[in-house]
Amino acid sequence: MGNSSLQFAGLCIMLLLLYFSLRQKSLHTRSAKLFLMTLMVSIACVCLDMGSLSAIEHQGKIPQLLLEVICKSYLVSLVLVGRMALLYINADMKEKKGVWANERFAWEITGGAGIGIYLLPIGYYYEGDRIYTYGPGVYLTYIAALTFVFVTLYRVFRYYRFLSGNRARAIRSWMFLWIVTSGIQLTHPSLLLVGFATSLGMVILFFELENPEANIERATGVFNAHALLDYMKQKYDAEEKFSVLSLYVEESVQTDDILGELIQYLDRVEGALLFKRVERELVLVFDEYQALQKALENIRSRFARGWCRNGENDVVMLKPVYLVLPDSTLLANERELLRILSLCRMENDQYRKSPVIFIDENVIRERQQKDEMAKTIQLAMDEDRVEVFYQPIYGVKEQCFVAAEALVRIRNTDGSLLSPGHFIPIAEENGSVNRLGEIVFAKTCHFLHNYNITQMGMRCIDVNLSVEQCEQEHLADRYIHIMKEFCTDPSQINLEITETASIKTRKNMLKNMEKLIAYGVEFSLDDFGNGESNLNYIVDMPIQVVKFDYDMTQAYFQNRKAKSVMNAAKEMIHDIGLKIVSEGVETKEQAEVLSSSIDFLQGYYFAKPMPENEFLAFIKKQQC
């Protein structure tokens, strides 16, 4: 039967693909459904191809009408396979205006070509192993099928950015395979390669895109993060509203038995699909928010009973964090949704806010604003729009300005300044404060290199170190390298540190401080009176100066208890030989009162933070 063995091999391959596609649980995405439809149409095509070969071989034994129906049905199935390829490529892509291959128009072409094939005559050739059809009906088949092939390729190249994953590459490989085999079969009709090429195309699509096992995590048997992304993308593309419940188990799950029992329970939640996104995070996607609300109540009750390890009476209590997104339409797409989930979880981990976080418009708006600010900070650093302002520090004994604090500012592209209160908390939260602090330090060293501040009566410039910077093991090495690069006198640098309760951070901080002090740098304790400050911290750390923060300075004049506490702290700090700076001095009266017991004063009463040129002019004018 000619090349029927090749066709039979292709048929067996596709039947195996169909078996593996149906035996594994599926998300039933539009893409998966279209693949199954394309696969079944391709199976029918190859079956009809084999049937047409057999019919031609036995044409004398069967009615002529039956012969024509079988052979022409095969030709129509070829056109239909080409149409399915175009339909499949649209699974990832919303229709674009002006594109010729409109769905309805494409089906009309398919129907028109099918009618034409059935109406046009075809011939049959059978001699030895050479069996094929020819004539107008066959030529129309090639024209229609290849039209769909070329339109599909056009869409792949034209709208590449709208395709996900390896879809473009897989479709492109299949279409090129079809073009090559069609050209060979057109010039050598006895080489029946198109049907086998169709089966190879299905193999490419299956392993590149549609293997259900690629969506399943082997260890747990639930849908994985890739499947979650694809599923939500389908929902967004179809403009279908859905709700999301994310469970993040803070404690490490010790055994597979606990995790297995947990997943089995969640996988049975009514009205939801279960996904495992990252380690210890499980995501349930609901079509209806009411179903999520009911499930959340039941799930929390179930967690309250604990989970048994190894089927024994060893009960493990897990305390998950629940993130609830009632309405997916609050976010533009699936990637934005997953990003919001991650950001909300990280923020909750950082501040331990609540076991249940409802992600509403306000939360999303706040998170998006933080994201925009993070991008602004990053862009400002990349474009060198980070500036250093200097606020003079008044020496009570010297009765002139003896130092200054370097303060970071960000210049917007329109020339305006971004308020530090807006960007510093975000920089501390996302870690960009490390790079930001290093930029400020380098610019301060550059300033000290360019100007001799000792000739202006000044001793040093104070530069802030964040807690995140102090956690870095090699901070001292980097800062010493920067000072050497700008030939900076280390005695002109005073680094301000903020108290931290972290033992690890304190150890790293002490190592960095010891190395920098040995190099000649001095240290101050900043923001004393804010947060968890305590006197023991002053005793333990190798500092020379303590800075009372703005709130403590103001409280001194407004609250009798605060005044008593501050007086006691001043006496103790002076007794151990340290100097004191009082920040936030805003009036002449405050300056006069504090001058009797404070070494240095800083605040708007003396001067606001100023850019470099203004600061230099101010200091020269106020020179001792």
Side-chain angles (χ1 to χ4, degrees), residues 246 248 321 323 325 330-333 335-354 357-391 405-444 462-472 475 478 495-502 505 508-509 526-527 530-532 549-551 583 608-609 611:
S246 170
Y248 181 75
V321 173
L323 299 177
L325 176 68
L330 295 175
L331 295 152
N333 54 55
R335 295 189 182 276
E336 189 175 314
L337 188 157
L338 292 176
R339 178 165 173 76
I340 287 290
L341 286 179
S342 296
L343 292 172
C344 288
R345 178 172 61 78
M346 286 188 293
E347 184 173 283
N348 190 73
D349 286 350
Q350 182 178 359
Y351 299 109
R352 303 294 178 189
K353 289 183 176 180
S354 171
I357 307 296
F358 285 89
I359 304 175
D360 56 16
E361 289 184 33
N362 293 330
V363 171
I364 292 171
R365 189 183 305 111
E366 179 185 348
R367 240 359 306 175
Q368 289 173 337
Q369 288 172 349
K370 287 183 178 181
D371 264 4
E372 287 301 314
M373 183 58 69
K375 293 175 184 176
T376 299
I377 296 168
Q378 187 64 44
L379 198 59
M381 293 190 294
D382 292 342
E383 297 177 353
D384 193 24
R385 287 188 284 105
V386 176
E387 299 182 14
V388 179
F389 278 37
Y390 298 91
Q391 186 174 30
E405 181 176 359
L407 299 165
V408 62
R409 297 290 185 269
I410 285 179
R411 183 77 62 179
N412 289 316
T413 52
D414 62 3
S416 63
L417 285 172
L418 190 61
S419 170
H422 289 159
F423 69 83
I424 289 178
I426 307 301
E428 290 175 341
E429 183 179 313
N430 65 20
S432 59
V433 70
N434 295 324
R435 183 184 172 195
L436 200 60
E438 196 164 302
I439 290 172
V440 171
F441 185 74
K443 286 180 178 286
T444 302
D462 295 356
V463 183
N464 285 283
L465 281 181
S466 68
V467 173
E468 289 76 13
Q469 286 176 284
C470 293
E471 288 180 346
Q472 301 176 23
L475 173 75
R478 286 205 303 274
L495 294 176
E496 298 183 1
I497 60 172
T498 304
E499 180 182 359
T500 173
S502 168
T505 301
N508 288 338
M509 182 188 295
D526 194 18
D527 289 341
N530 186 15
E532 300 178 354
D549 77 327
Y550 174 89
D551 292 334
E583 297 181 307
K608 294 182 178 181

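Computed from a predicted structure; not experimentally measured.
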Task: Heavy-atom pair with the smallest gap, counting every atom of K370 and I426 - done: CG-CD1, 3.4 Å
TODO: Would you please test L323 and I340 for side chain to side chain contact (heavy atoms under 4.5 Å, CB included) and show each step?
DONE: CA-CA 10 Å; L323 299 177; I340 287 290; over 6 Å; no
Task: Separation between CG of D371 and CD of Q369, rounded to the nearest 0.5 Å - done: 10.5 Å
Open item on the list: Looking at every heavy atom in both L495 and L465, which two are closest together, and how far apart are they?
Closed with: CD1-CD1, 3.9 Å
- [ ] Assess whether side chain to side chain contact (heavy atoms under 4.5 Å, CB included) is satisfied between S432 and M381, documenting all intermediate values.
- [x] CA-CA 9 Å; S432 59; M381 293 190 294; 4.0 Å; yes
Open item on the list: Measuring from atom CD of E361 to atom CD of Q368, what distance do you get when rounded to the nearest 0.5 angstrom?
Closed with: 10.5 Å
Open item on the list: Working to the nearest 0.5 angstrom, can you tell me the gap between Q391 CD and D462 CG?
Closed with: 10.5 Å
Open item on the list: So, taking the atom named CG in D549 and the one named CD in E583, what distance separates them when rounded to the nearest 0.5 Å?
Closed with: 7.0 Å
Open item on the list: Using a 3.5 Å distance criterion without hydrogens, assess whether the side chain of R411 forms a donor-acceptor pair with backbone atoms of R385.
Closed with: no
- [ ] Verify side chain to side chain contact (heavy atoms under 4.5 Å, CB included) between M373 and L418, making sure each step is shown before the conclusion.
- [x] CA-CA 10 Å; M373 183 58 69; L418 190 61; 3.6 Å; yes
TODO: Could you tell me the separation between the CD1 atom of I497 and the CG atom of D526, rounded to the nearest 0.5 Å?
DONE: 9.5 Å
Open item on the list: side chain to side chain contact (heavy atoms under 4.5 Å, CB included) for I410 and E387? Distances and angles first, verdict last.
Closed with: CA-CA 6 Å; I410 285 179; E387 299 182 14; over 6 Å; no
- [ ] Specify the closest pair of heavy atoms between V363 and D360, including all atoms of both residues, with the distance to one decimal.
- [x] N-OD1, 2.9 Å
Task: Heavy-atom check, side chain of D527 versus side chain of D551, under 4.5 Å - done: no
Task: N434 versus S466, closest heavy-atom pair with distance - done: OD1-OG, 4.3 Å
TODO: For residues P609 and F389, report the shortest heavy-atom separation together with the two atoms involved.
DONE: O-CD2, 3.7 Å
Open item on the list: So, using side-chain contact (heavy atoms from CB on, under 4.5 Å) as the criterion, who are the partners of I424 when residues are at least two apart?
Closed with: V408, P420, E428
Task: Considering all heavy atoms, the nearest I359-L330 contact - done: O-CD1, 4.2 Å
